[in-house]
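Order of appearance sets the numbers: ligands from 1, and atoms from 1 within every ligand.
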Amino acid sequence: MLLEVQGLTSHYGRIQALKGVDLAIAEGELVALVGANGAGKTTLLRTLSGVQPATGGSIAYAGCDITRLVPHRRVRLGIAQVPEGRQVFGPMSVEDNLRLGAFTGSRQTVEADLEAQYTRFPILKERRAQAAGTLSGGQQQMLAIARALMARPKLLLLDEPSMGLAPLITQQILAAVRSFRDDGMTVFLVEQNAFAALTIADRGYVMETGRIVLHGPARDLLADDDVKRAYLGV
Ligand SMILES: Nc1ncnc2c1ncn2[C@@H]1O[C@H](COP(=O)(O)OP(=O)(O)OP(=O)(O)O)[C@@H](O)[C@H]1O
Ligand SMILES: [Mg+2]
């Protein structure tokens with residue numbers, strides 16, 4: 001397993017947001033995490049990337065215990081997160097935002113990685129000199145994802161990449177996410193749009209109030225009556 005999480009807990013003061021989360025993700029898998037508002041999905045991703053402290057349990061990555069590792073060391077190990085709400089640096093150009101993502105690597109690899117992202121997202125090349133804050137929502141999401149990819153992650157953590165986007169743009173973003181997995185990357189995808197996420201995922205986890213309540217192959221979850229009723233609106 002590339003990622004193995006056991007009994008993970010996390011708190012905001014006295015509020016316990018994660019109540020003992022267990023999950024495992026194999027290398028090369030695309031795994032979706034779905035759940036209602038406030039279930040703890042963002043908290044779980046932030047605890048995996050290290051920006052939110054774990055109060056108990058353990059996180060193993062590639063066989064190493066990273067539970068107490070600071071965030072930038074996790075990035076170095078290959079864990080990159082695209083945070084909820086995009087959070088690009090608005091006044092900076094598209095290209096400078098991308099360069100910020102590449103805080104490791106030689107000049108040559110940075111230039112090559114930049115070109116790779118421009119090939120993946122041609123609109124970003126067109127807008128390379130434009131201030132990131134003036135991009136559309138969908139373009140900002142592409143930029144946030146491309147910036148994370150500049151760190152050459154093995155494990156990509158995505159928090160609601162389709163939030164606030166039109167259906168067509170959502171399809172484009174999720175097709176890109178699927179292509180990362182097809183390229184061999186491991187992806188953990190949080191989505192409010194459970195149907196879309198489970199449609200592209202290999203496996204899924206369902207979270208309710210700080211706990212995993214269900215997991216399995218994505219196609220089984222799509223066919224599950226409880227999942228349908230609670231998350232798929234059918
Ligand atoms: N900074 C904070 N301070 C206090 N409580 C917080 C904080 N951030 C989150 N919480 C609480 O932790 C719980 C989990 O929140 P979290 O943001 O992880 O949920 P989520 O599943 O990502 O929800 P959403 O689908 O709305 O993004 C919620 O009850 C929330 O109110
Ligand atoms: Mg969230």
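Contacts between Gln192 and ligand 1, counted as non-hydrogen atom pairs separated by less than 4.0 Å, involve the side chain only.
The single protein non-hydrogen atom nearest to atom 24 (P) of ligand 1 is Asn37 ND2, 3.6 Å, given as residue, atom name and distance. When only non-hydrogen protein atoms are considered, atom 17 (O) of ligand 1 lies nearest to Thr42 CB, 3.8 Å. Remark: minimum distance from atom 15 (O) of ligand 1 to any protein heavy atom is reached at Thr43 OG1, 3.8 Å. Closest to atom 25 (O) of ligand 1, if we only count protein heavy atoms, is Lys41 NZ, 2.7 Å. Given atom 12 (O) of ligand 1, the protein heavy atom at minimum distance is Tyr12 CE1, 3.4 Å.
Using a cutoff of 4.0 Å between basic side-chain nitrogens and carboxylate oxygens, Arg107 and Glu111 are not scored as salt-bridged.
The residue from Gly13, Ser10, Gly38 that puts a heavy atom closest to atom 13 (C) of ligand 1 is Gly38.
Geometrically, ligand 1 and Gly40 share a nitrogen or oxygen pair separated by less than 3.5 Å.
In this structure, Ser93 contributes its side chain and Gln130 its backbone to no donor-acceptor pair below 3.5 Å. Side-chain N or O atoms of Gln140 include one that pairs as donor or acceptor with a backbone N or O of Leu135 at under 3.5 Å.
Distances shorter than 4.0 angstrom do not occur between any heavy atom of Gly35 and any atom of ligand 1. At least one heavy atom of Glu160 sits under 4.0 Å from some atom of ligand 1. Heavy-atom separations between Glu84 and ligand 1 include at least one value shorter than 4.0 Å. The shortest separation from a heavy atom of Gly210 to ligand 1 is not under 4.0 Å, leaving the residue out of contact.
Looking only at its N/O/S atoms, Glu84 has OE2 as the one nearest to the Mg ion (ligand 2).
For CZ of Phe195, the number of neighbouring non-hydrogen atoms (other residues, nucleotides, ligands) closer than 6.0 Å is 12 at most. The local environment of NE2 in His11 is crowded, with over 12 non-hydrogen atoms from other residues, nucleotides or ligands closer than 6.0 Å.
Not one N/O/S atom of Asn37, from backbone or side chain, sits under 2.8 Å from the Mg ion (ligand 2).
Smallest separation of non-hydrogen atoms from Ser58 and Thr67: CA-OG1, 3.4 Å.
No donor-acceptor contact under 3.5 angstrom links the side chains of Gln16 and Thr9, judged on distance only.
Remark: atom 2 (C) of ligand 1 lies closer than 4.0 Å to at least one protein heavy atom. There is no protein heavy atom closer than 4.0 angstrom to atom 31 (O) of ligand 1.
A continuous path of ILVMFWY side-chain contacts below 4.5 Å connects Leu8 to Leu77, so both sit in one hydrophobic cluster.
Remark: of the listed residues Arg152, Arg147, Arg99, Arg152 is the sole one forming a salt bridge (Lys or Arg N to Asp or Glu O under 4.0 Å) with Asp113. Partner of Leu189 under the side chain to side chain contact (heavy atoms under 4.5 Å, CB included) criterion, out of Val31, Ile200, Leu33: Ile200 alone.
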